Structures are given as C-alpha cells and as structure tokens.
Trainee: 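Structure incoming, see below.
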There are 2 protein chains.
Amino acid sequence: MNFSVDNAVRCSECPIRHRAVCAKCDTDELLTLEGMKSYRTFKAGETILWRGEKLEYVASLVQGVASLSKTLEDGRTQMVGLLLASDFIGRPGRDEIEFDVTATTDVTLCCFNKEPFEQLVETTPHVAQRLMELALDELDVARDWMLLLGRKTAREKIATFVEMLVRRSQLPEDNGTASVSLPMTRDQIANFLGLTLETVSRQLNSLKKDGVLSFNDRKHLVVEDLSALHEATGDDSDGGIIF
Amino acid sequence: MNFSVDNAVRCSECPIRHRAVCAKCDTDELLTLEGMKSYRTFKAGETILWRGEKLEYVASLVQGVASLSKTLEDGRTQMVGLLLASDFIGRPGRDEIEFDVTATTDVTLCCFNKEPFEQLVETTPHVAQRLMELALDELDVARDWMLLLGRKTAREKIATFVEMLVRRSQLPEDNGTASVSLPMTRDQIANFLGLTLETVSRQLNSLKKDGVLSFNDRKHLVVEDLSALHEATGDDSDGGIIF
DNA sequence: CGCGATTTTGAAAGATCTCAACATCTGTGG
DNA sequence: CCACAGATGTTGAGATCTTTCAAAATCGCG
C-alpha cells in the first residue's frame with residue numbers, strides 16, 4: 001500500500017473547513033461526512049491515483065500539492081491540473097478518472113467513501129453547490145492555461161508561471177520585488193507549460209540575464225521587477241487568473 | 001441590439017429539456033424557470049457576450065454552435081470552449097465572464113434572469129447538481145484539449161480535430177470511412193488548435209495526400225481510413241473525450 | 001462575370017526541440 | 001568532513017517544425 005491511514009481530525013477543526021467541498025455544509029451534514037471520511041498521506045513523488053484506476057473514494061486535499069497529468073502513447077506528458085489545499089479529487093457519478101494524480105509534495109487527503117458521498121450529493125444541496133463552484137473555478141483556471149499552452153511563447157509561459165507563483169505566495173511585495181519558492185523541478189515545470197526542460201532552463205536564465213529575476217538556489221527565486229515580469233507575460237493589464 | 005427576443009417554447013416541449021441545466025428539475029422547478037426565461041437568437045458571427053461585460057442573464061444553448069475565446073494583448077487568440085446544444089453559458093455568483101462568446105452558427109439561447117436563477121441555485125438542489133455535472137464534463141474536455149495544445153504536433157492536432165468531428169456526427173460509419181461537415185473556417189480551426197491557418201491548410205492537405213482524408217468542397221470532408229486517422233492522433237487506443 | 005473572402009502554396013525566418021557534453025547540487029557512506 | 005554517485009540543471013550546436021510573409025488560386029455570392 002502506498003498510503004497510510006491517520007486518525008481523522010474533527011471537521012470543525014479542519015484547516016480547509018471553509019474552502020473545501022464541505023464549505024457550505026451545516027452541522028448535520030458535517031456529521032454525516034465525519035462518518036465516511038478517513039485521512040491518507042502520500043510522500044512527494046508518489047502516485048495517488050492512476051488513470052483508469054477504479055475509484056473507491058473521492059477526496060479533498062488537506063495539505064500539500066498534487067498534480068494531474070495526461071500522457072500520449074509515446075510518453076509525452078502534459079500536466080492538466082495543479083491541486084492545492086481544499087481542492088477536490090474525483091467526481092461523483094463516475095468510476096474512474098482520465099488522468100494520473102501525483103503528489104508533488106508530501107500530501108494529506110481527506111477521503112470520503114464513494115457511495116455514501118454520492119448519496120449526500122443526491123439528497124442535500126450544499127455539497128453539490130460547493131462542488132459546482134469548485135468545478136467552475138477549475139474551469140476558469142483551465143481556460144487561462146489553454147490560452148497559455150496554445151498561444152504563448154516560451155518566455156511568456158515562464159513569465160506567466162512565475163507571476164502565478166508570486167500571486168499565490170501572497171507575500172507582501174514591497175518595492176516591486178518579490179521572492180518565491182519554486183515547488184517543482186525544471187522537468188515538472190516543463191510538463192506544466194508544454195515545453196522541454198532545456199527550454200525552461202534557458203528562458204529562466206534569459207529572464208535572469210535581463211534583470212527580471214535573480215536566483216542562486218534552484219528552488220528559490222527573486223522577482224526583481226514585477227512590472228517587467230508582467231510585461232513579459234503577454235497578458236493585458238488585469239491579467240489572467242491561473243491560481 | 002444584436003439579438004432578438006422570441007416567444008419562449010414551453011419547457012416541457014423543449015428539445016434540450018433532458019440534457020440542459022434543467023435536466024433534473026421537477027415540474028415545480030420547471031415552472032419557476034419558465035417564469036424567468038426568454039429566448040434570444042444570434043446570427044452566425046455575432047458576438048453573444050464580450051469579455052468583462054456585465055452579465056444580466058445566464059443561458060442554455062438551445063440550438064447552434066457557439067465558441068468561447070481568449071485574446072492576448074497583441075491579438076493572438078485561442079478558442080477555449082465550444083458550446084453545443086444544452087451547454088450552459090455564465091456562472092451563478094459571478095458578474096462577468098473571462099472570455100468572449102461568439103456565435104459560430106446561428107444560435108438560439110434560452111436566457112434566465114440572473115438574480116432569480118441564482119436564487120433557485122441556492123434554494124433547490126437540482127439545478128446546482130446538474131450544473132456541477134455540466135462543469136465537470138467541460139473540465140474533462142478542457143483537459144484533453146490542454147494535452148492537445150501543449151504536446152501534440154500540428155498533424156496530430158488536425159487528426160484529433162477530425163476524429164472529434166466524426167465522433168460527434170455519430171453517422172453510421174461503415175467500412176472504416178466516414179463523412180463529416182466542417183463547421184468552421186480554416187482560421188477558426190487554427191484558433192481552436194493553437195495553430196496558424198496556413199498550417200491547418202497544409203496539414204489537412206497532407207492527410208489528403210496520404211489518403212487518410214479526401215475532400216473537394218471546403219466545408220465537407222471524407223475520412224477514407226478511420227484507423228489511419230486514429231493512428232495520426234497520437235492518442236492511445238481508447239483515446240480522449242473531446243466532445 | 002467579377003469581387004471579396006477564403007484557401008492553397010512557396011520560400012525563408014524563427015522558435016523550440018533534440019542530442020550531447022558538462023556543471024552543480026544533494027545526500028550517503030566512508 | 002570529504003568524496004562520490006545519481007539526480008538535476010545548464011549550455012551549445014544543429015535539426016526540425018511551425019510561423020511569417022507573399023503571391024496565386026479558388027470559392028461563393030451578388
């Protein structure tokens with residue numbers, strides 16, 4: 001078994017209580033969820049679910065980062081989703097998923113047994129309402145991502161990616177600079193952006209040479225000029241959403 | 001005004017009654033919907049909604065084909081969604097959309113006033129449940145599309161596109177051939193696939209030269225060898241979903 | 001029949017990928 | 001604490017694919 005079962009935290013104490021699929025649930029519904037849930041953890045790099053695998057549970061991501069990816073016959077792969085805390089895995093009413101789910105960092109899932117969860121979706125409105133919101137949010141992200149994959153240059157892709165990291169880190173940016181940690185390897189970034197890892201490396205170093213970024217460490221970089229970074233994304237002033 | 005208001009058909013007679021957002025509604029809910037709906041029609045090529053425009057209604061597509069697209073500052077555009085009969089436009093709880101919606105063919109919408117519709121989503125489960133399913137379906141499509149945009153070659157993109165048309169036309173394919181009508185111009189196909197129109201033209205003619213396709217008419221083509229077409233998509237045996 | 005829109009075709013430029021070599025980091029064990 | 005091995009990242013040169021720019025061909029419609 002590539003997972004371990006922990007003792008479940010009480011829902012009312014849960015860090016993602018107000019953002020996850022349970023966000024709109026009342027006390028009764030929470031109690032029902034409590035009865036069908038269990039925690040599982042995965043180490044960074046482990047596969048959480050394989051494409052086509054029979055699903056026995058659906059889950060909320062409690063902690064860590066996971067990625068969804070698809071692979072062509074000859075091995076080319078494309079990341080098609082990035083799951084953060086409170087994101088949802090699986091879909092009620094379908095038995096398997098169309099992509100692999102991999103732990104990017106160490107991951108904790110709050111898993112719900114599939115049948116009782118689906119019952120809850122059918123019989124009460126709050127879970128479906130929240131699931132709808134989550135799906136629509138993911139759809140917005142997916143559409144920005146499609147624009148990036150279909151039309152942006154390598155440099156624009158990298159700039160957009162870094163800008164997304166900045167936005168997500170939500171650290172107070174002072175004088176137009178920001179520092180962020182890179183949670184992925186060059187190879188993972190390449191699969192995220194539809195590039196090769198060499199191109200990722202080159203464009204990152206090109207942005208460094210141009211004074212937009214700086215970095216020594218591989219896992220940590222500093223945006224020296226946020227507005228130059230935004231210029232490089234190709235987006236118009238307000239910009240996209242991606243995460 | 002770029003639309004006209006028709007008399008609404010009764011919901012119970014509606015051709016998309018069992019697939020649209022109202023699919024799970026009971027008679028009472030249908031009656032409520034009936035009270036907030038009106039039909040609008042758009043001619044092929046007209047813009048239905050602009051990005052950022054304030055939404056006054058959400059809608060189901062009753063007839064025709066519409067496309068969602070995003071544009072970069074310098075004018076590069078990428079189609080990010082294709083709406084067919086029973087697909088939904090807009091999202092409860094948000095006032096504007098992040099993309100343009102354009103009528104690809106003549107289009108009929110069944111529009112619901114935004115406030116009362118959102119009320120219905122909040123107070124009853126059936127609409128949200130169906131909206132969740134529709135959003136998750138679109139998400140599956142979007143993810144296959146991302147794989148295509150990020151990793152497929154021009155030839156694979158075209159082959160995948162044609163295969164999608166075949167699958168959608170669901171005409172009885174006999175001896176391994178099929179004939180489909182092309183609903184878009186080369187330029188629209190290019191925006192769909194993240195290519196230039198010249199590349200679309202070249203790849204289409206290359207598949208013709210290789211005996212996979214044949215066509216004289218611009219709007220109509222024949223797949224001479226379905227299995228060769230599938231070979232050319234780059235997908236593995238079972239293939240993706242796109243529509 | 002003729003005009004504008006759409007499509008095809010060609011040639012050259014440009015971007016990204018591929019392949020290969022080398023550099024650097026990380027963590028392990030001596 | 002250092003050396004080493006494997007993983008990760010960088011850099012270079014050439015190949016390849018797609019785009020760009022331009023011109024010619026074809027279609028559809030009045």
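Computed from heavy atoms alone, side chains included, the values below leave out hydrogens, waters and symmetry copies. Because the structure is predicted, anything quoted here is derived from the model rather than measured. Just so it is clear: chains get the letters A, B, ... in the order the sequence lines come, proteins before strands, and each one is counted from 1.
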Trainee: Is it true that A:E98 and A:R91 make a salt bridge, defined as a side-chain N closer than 4.0 Å to a carboxylate O?
Mentor: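 Judged by the 4.0 Å cut-off on N to carboxylate O distance, A:E98 and A:R91 do not form a salt bridge.
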Trainee: Specify the separation, in whole Å, of atom CG of B:N216 and atom C1' of D:dC27.
Mentor: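 To the nearest whole Å, that distance equals 13 Å.
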Trainee: Collect all protein-nucleotide pairs involving nucleotides 7-9 of chain D in which both atoms are nitrogen or oxygen and the distance is under 3.5 Å.
Mentor:
| residue | atom | partner | partner atom | Å |
| --- | --- | --- | --- | --- |
| D:dT8 | O2 | A:R218 | NH2 | 2.9 |
| D:dG9 | OP2 | A:R186 | N | 2.9 |
| D:dG9 | O4' | A:R218 | NH1 | 3.4 |
| D:dG9 | O4' | A:R218 | NH2 | 3.3 |

Trainee: Separation of B:F215 atom CZ from C:dT6 atom P, in whole Å?
Mentor: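 Answer to the nearest Å: 18 Å.
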Trainee: Rounding to an integer number of Å, can you tell me how far B:D217 CG sits from D:dG28 P?
Mentor: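 Answer to the nearest Å: 6 Å.
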Trainee: Using whole Å, what does the distance between atom C1' of nucleotide C:dT24 and atom CG of A:L204 come to?
Mentor: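 The distance from CG of A:L204 to C1' of C:dT24 comes to 16 Å, rounded to the nearest Å.
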Trainee: I would like to know whether B:T177 and B:N175 meet side chain to side chain donor-acceptor pair (under 3.5 Å); could you show each step before the answer?
Mentor: CA-CA 6 Å; B:T177 74; B:N175 48 344; 3.2 Å; yes
Trainee: Taking five pairs at each end of the helix from C:dC1-D:dG30 to C:dG30-D:dC1, what angle separates the two helix axes (nearest 10°)?
Mentor: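 Axis angle across the helix from C:dC1-D:dG30 to C:dG30-D:dC1, nearest 10°: 30°.
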Trainee: Using the test ring pair (Phe, Tyr, Trp, His ring centres under 6.0 Å), find all partners of B:F215 that sit at least two apart in sequence or belong to another chain.
Mentor: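 Ring pair (Phe, Tyr, Trp, His ring centres under 6.0 Å) list for B:F215, sorted by chain: empty.
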Trainee: Are the side chains of B:E156 and B:T233 in contact, using a 4.5 Å heavy-atom criterion?
Mentor: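 With C-beta onward as the side chain, the pair stays apart.
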Trainee: Under 3.5 Å, side-chain donor or acceptor atoms of residues 217-225 of chain A against the rest of the protein: list the pairs with distances, not counting sequence neighbours.
Mentor:
| residue | atom | partner | partner atom | Å |
| --- | --- | --- | --- | --- |
| A:D217 | OD1 | A:K219 | N | 2.9 |
| A:E224 | OE2 | A:S214 | OG | 2.7 |
| A:D225 | OD1 | A:S227 | N | 3.2 |
| A:D225 | OD1 | A:S227 | OG | 3.1 |
| A:D225 | OD1 | A:A228 | N | 3.0 |

Trainee: Between B:K70 and B:T77, do the side chains contain a donor N or O and an acceptor N or O under 3.5 Å apart?
Mentor: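 Not at all, the side chains of B:T77 and B:K70 share no donor-acceptor pair under 3.5 Å.
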Trainee: Which residue in the set A:E138, A:Q188, A:M184 passes side-chain contact (heavy atoms from CB on, under 4.5 Å) when paired with A:L82?
Mentor: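 Passing option: A:M184.
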Trainee: Are B:S206 and B:R155 close enough that a side-chain donor and a side-chain acceptor fall under 3.5 Å?
Mentor: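 A pair is found: one side chain offers a donor N or O, the other an acceptor, under 3.5 Å apart.
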Trainee: Going by ring pair (Phe, Tyr, Trp, His ring centres under 6.0 Å), name the residues that satisfy it together with A:F99, two or more places apart in sequence or in a different chain.
Mentor: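 Partners of A:F99 by the ring pair (Phe, Tyr, Trp, His ring centres under 6.0 Å) criterion come out as none, since no residue qualifies.
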Trainee: Collect all protein-nucleotide pairs involving nucleotides 12-21 of chain C in which both atoms are nitrogen or oxygen and the distance is under 3.5 Å.
Mentor:
| residue | atom | partner | partner atom | Å |
| --- | --- | --- | --- | --- |
| C:dT16 | OP1 | A:A154 | N | 2.6 |
| C:dC17 | OP2 | A:T196 | N | 3.3 |
| C:dC17 | OP2 | A:T196 | OG1 | 3.2 |
| C:dC17 | OP2 | A:T199 | OG1 | 2.5 |
| C:dT18 | O4 | A:R202 | NH2 | 2.8 |
| C:dC19 | N4 | A:E198 | OE2 | 3.1 |

Trainee: Taking it one step at a time, do A:F112 and A:S60 satisfy side chain to side chain contact (heavy atoms under 4.5 Å, CB included)?
Mentor: CA-CA 8 Å; A:F112 304 105; A:S60 283; 4.1 Å; yes
